[in-house]
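What follows is one structure encoded as structure tokens, with my remarks underneath.
We're numbering straight along the sequence, starting at 1.
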Amino acid sequence: MRLPDSDVGQIPTVIFGTVNGVIGVIASLPHEQYVFLEKLQSNLRKVIKGVGGLSHEQWRSFNNEKKTVEARNFLDGDLIESFLDLSRGRMDEISRAMEISVEELCKRVEELTRLH
């Protein structure tokens with residue numbers, strides 16, 4: 001996928017669907033972008049509560065009758081996109097931790113939301 005006016009460039013992706021009705025995207029990101037988004041995700045986990053009282057790590061982990069395994073090297077697009085729904089105060093808090101302006105952070109997250 002690629003946005004014509006984007007700095008993101010060409011990103012190899014796979015779109016998938018599940019028997020539960022979930023539609024998702026798997027994208028191979030450049031290392032620098034992955035590191036940036038992982039840091040953002042980590043900071044968001046500190047201020048956004050997980051679904052149903054679970055931590056985000058528990059919610060996204062693999063789990064069956066025999067075992068539960070934490071997701072690794074996984075970016076939660078829903079969590080990252082939720083940055084745009086935060087109050088300005090929370091956005092400021094995250095942007096300070098990221099050492100980037102709120103405006104630039106919003107721009108980068110909005111750019112990613114247009115990829116899917």
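- In this structure K67 satisfies the side chain to side chain contact (heavy atoms under 4.5 Å, CB included) test together with F62, N64, V69, sequence neighbours excluded.
- With a 4.5 Å cut-off on side-chain heavy atoms, I48 and L86 count as touching.
- Across all non-hydrogen atoms, the minimal contact from L75 to I80 is CB-CD1, 4.2 Å.
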Solution key, residues 15-28 side-chain donor-acceptor pairs under 3.5 Å, sequence neighbours excluded:
| residue | atom | partner | partner atom | Å |
| --- | --- | --- | --- | --- |
| T18 | OG1 | N20 | N | 3.3 |
| T18 | OG1 | V22 | N | 3.1 |

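- Residue pairs satisfying the salt bridge (Lys or Arg N to Asp or Glu O under 4.0 Å) criterion with at least one member in residues 85-103, sequence neighbours excluded, are listed as follows: R88-D92, R88-E103, R90-E93.
- Proximity of V109 to L40: side-chain heavy atoms (C-beta onward) are separated by under 4.5 Å at one or more points.
- Looking at E104, its side chain never comes within 3.5 Å of a backbone N or O of S95 through a donor-acceptor pair.
- Under the side chain to side chain donor-acceptor pair (under 3.5 Å) criterion, N43 pairs with no residue, sequence neighbours left out.
- Pairs passing the salt bridge (Lys or Arg N to Asp or Glu O under 4.0 Å) check and including a residue from residues 16-44, sequence neighbours excluded, do not occur.
- The structure places CG of L112 at 9.5 Å from CD of E81, a figure rounded to the nearest 0.5 Å.
- Q41 places a side-chain N or O within 3.5 Å of a backbone atom of D76 that can act as its donor or acceptor partner.
- V47 and L84 fall within a single hydrophobic cluster, where Ile, Leu, Val, Met, Phe, Trp and Tyr side chains are chained together by heavy-atom contacts under 4.5 Å.
- Of all non-hydrogen atoms in L79 and L44, the two that sit nearest each other are O-CD1, 3.4 Å.
- At least one side-chain heavy atom of N73 sits under 4.5 Å from a side-chain heavy atom of Y34.
- Residues that satisfy the side chain to side chain contact (heavy atoms under 4.5 Å, CB included) test with F36, not counting sequence neighbours, are M98, I100, L105, R108.
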